[in-house]
Amino acid sequence: MSKPLISVRGLTKKFGDFTAVDGIDFDVAKGESFGLLGPNGAGKSTTMRILAATSTRTSGTVEILDKDPELFGPLVRAHLGVVPQQDNLDNELTVSENLFIYGRYFGLSKKFIKNKIEELLEFAQLEEKRDVKVEALSGGMKRRLTIARGLVSEPDILLLDEPTTGLDPQARHILWDRLFRLKEQGVTLVLTTHFMDEAEQLCDRLVVMDKGAIMAEGSPAGLIKQYSSKEVLEVRFGSDRNKEVAPQLATMCERMETLPDRLLMYTEDGEALLEKITHAGMHATTSLVRRSSLEDVFLRLTGRTLIE
Amino acid sequence: MRTAVEIAVSRKSSAMYAGRPHVLLERGWLAFRSSTWIPVVTGFLEPVLFLLAFGYGMGTLIGDVTTGTTTMDYTLFIAPGLLANSAMNGAIYDSTWNVFWKLNESKLYKTMLSTPLGPLDIALGEITWALIRGLVYSLGFLTVVTALGLTPSFWAILAIPAASLVAFGFASFGMAITSFFKTYQQMGFINFVLLPMTLFSGSLYPISVYPDWLERIIMALPLWHGIEMVRAFWFGNISSGVLVHIAYFLVMIATGLFVTSRRLRALFLR
């Protein structure tokens, strides 16, 4: 196996008494799409800033293409494309000017950038908007422009912090499609998200983070297989009844999680379980059988839901 | 065609400096092209209005002014002081409010520091941009003054490099101070200092009229050094005192650059 592009060992970041990242280890291989999944405050963004060579660490080692980002900041940043959580486009400039000047920050020649802009505008589906000030763009367009901007320097690694947070479903799907194309082109992606569907769509491999620590690591399918059952039966009996019936239901499945509004029953065959419950004389107000997701993995590992 | 990485390697970039402050000027020009000209015009007009109001208004009441052994027309006396003021205004305009905006609202410097640029690139680039504005203001003022026949001799052209030094000093120091401010209230402090300094630093009358203690305070402030330096070149009265003024501004520039780049690192690369 070739050497990983990113190698992190025992990474810790403290802000005063608060430990934001607590001794994490992971590697990212070339061409891989790697995700940090966890709720807000899990330490994902702090980790991303350290990878982006814009934040120092308290202890541990980080190597990006064999270089310590803390010692070789500008050199490491020359390898990276960064898409921050909040779009920080240059509002005083137009769409194409934003791409142009960002390339200049990397020292790229004007001629190179001019050609690159055409390619990126097409990629971001913003050809029509090239001479529009970025203030006038929709949230989805700004996001696509921010990603396009991160690609001006043809980076080895693209870092995306919560790429679709705050976007409507349609804009998210367009964005996923664009990111998927990058993945197909072999760009190494590192992204943070608290959306399990996003992680499932985009990540080859991911770590589940909570309170600054890594709880589990693997492919989305692998994690689901390891930490959850094939199917989940969600049942509601009404807020008061849920607790009453819970002990009896727990004996009928492999594992059960009691949420404030519903019960999650883990099983290999959801329909069969539902029939069994009905047979036992309990009638759920609503019921839903679905496949296990990363949300269930997170619930299993931490006892909490991803979005609270 | 060289890649971003090859460029970064060839520059031997340090953590503080990538050797590309000029891209800040490119960015400044792109933004300036499409922005409104009103603040530029008003900034330039301010010392011109001062010259008209005080020179031709008050000046007719005052008549001549005597400093040391020379006596001259009042309007002629205030022109170089206002030139120094003009250079300061231009430099301050960009290095305080515009920098404050880019630090705290648009987060432009944060974005730049996620690229291979270093804090010193940003400090040098932005200060140079502010210095250019100061230079443009003072050139404009010199043109007006020359048209009014107030330029004593061809040597007054030397007042322009002197005014550039004033602009550079204020741009550098202004950005350094601004990098510590987080709120608009704190920014108000800058105006609170600038207005009295502008009025009392001797552009409108010789500071020898002050009691000794006040004269000493004024002589410690940068604008007085700026005015005296510009005035010395303006009238061709070059003495060793000019070296003190030049040294004052060189220290101001160096301190400002040092503090600004350290602050940028502390704010965005910690």
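A quick note: this is a predicted structure, and the numbers were derived from the prediction, not measured. Every chain is numbered from 1 and lettered A, B, ... according to where its sequence line falls, protein lines coming before strand lines.
For A:Lys129, the NZ atom counts as loosely surrounded, since its 6.0 Å shell holds 12 or fewer non-hydrogen atoms of other residues, nucleotides or ligands. The local environment of CZ in B:Phe173 is sparse, with at most 12 non-hydrogen atoms from other residues, nucleotides or ligands closer than 6.0 Å. Atom CD of B:Glu105 is surrounded by more than 12 heavy atoms from other residues, nucleotides or ligands within 6.0 Å. Heavy atoms of other residues, nucleotides or ligands lying less than 6.0 angstrom from CD of A:Glu127 number more than 12. The environment of CD1 in B:Ile38 is sparse: at most 12 heavy-atom neighbours from other residues, nucleotides or ligands sit within 6.0 Å. For A:Glu184, the CD atom sits in a packed shell: over 12 heavy atoms of surrounding residues, nucleotides or ligands are nearer than 6.0 Å. Residue B:Phe192 qualifies as open at atom CZ: its count of foreign heavy atoms under 6.0 Å is 12 or below. Open room surrounds NZ on A:Lys211; 12 or fewer heavy atoms of other groups in view lie less than 6.0 Å from it.
Looking at heavy atoms from C-beta onward, B:Ser34 lies in side-chain contact with A:Lys133 at the 4.5 angstrom threshold. A 4.5 Å side-chain heavy-atom check between B:Arg33 and A:Glu92 finds every atom pair outside the cut-off. For the pair A:Arg104 and B:Thr115, the minimum side-chain heavy-atom distance is 4.5 Å or more. Side-chain contact between A:Asn88 and B:Lys110 is absent, with no heavy-atom pair separated by less than 4.5 Å.
In this structure, chain B has a heavy atom under 4.5 Å from the side chain of A:Phe100, while its backbone stays farther away. With a 4.5 angstrom heavy-atom cutoff, A:Lys67 does not touch chain B via any of its atoms. Contact of A:Ala53 with chain B is made through the backbone alone, with heavy-atom distances under 4.5 Å.
Although no hydrogens or angles enter the test, the distance criterion places a donor-acceptor pair under 3.5 Å between the side chain of B:Arg20 and the main chain of A:Tyr105.
Applying a 4.5 Å heavy-atom cutoff, none of the residues of residues 80-88 of chain B approach chain A. Contact residues of residues 258-270 of chain B toward chain A are B:Phe268, B:Leu269, B:Arg270 (heavy-atom distance under 4.5 Å).
The structure places CZ of A:Arg77 at 8.0 Å from CG of B:Leu117, a figure rounded to the nearest 0.5 Å. Here the CG atom belonging to A:Asn91 is positioned 7.5 Å from the CH2 atom belonging to B:Trp101, to the nearest 0.5 angstrom. Atom CG of A:Leu159 sits about 10.0 Å away from atom OG of B:Ser114, to the nearest 0.5 Å. Interatomic distance, A:Thr54 OG1 to B:Leu113 CG, rounded to the nearest 0.5 Å: 8.5 Å. With rounding to the nearest 0.5 angstrom, the NZ atom of B:Lys107 is 14.5 Å from the CG atom of A:Asp90. Going from atom CD of A:Glu97 over to atom CG of B:Leu30 covers 5.0 Å, rounded to the nearest 0.5 Å.
Summarising the geometry of A:Pro74 relative to B:Pro116, their closest heavy-atom pair is CB-O, 3.2 Å, with the distance given to 0.1 Å.
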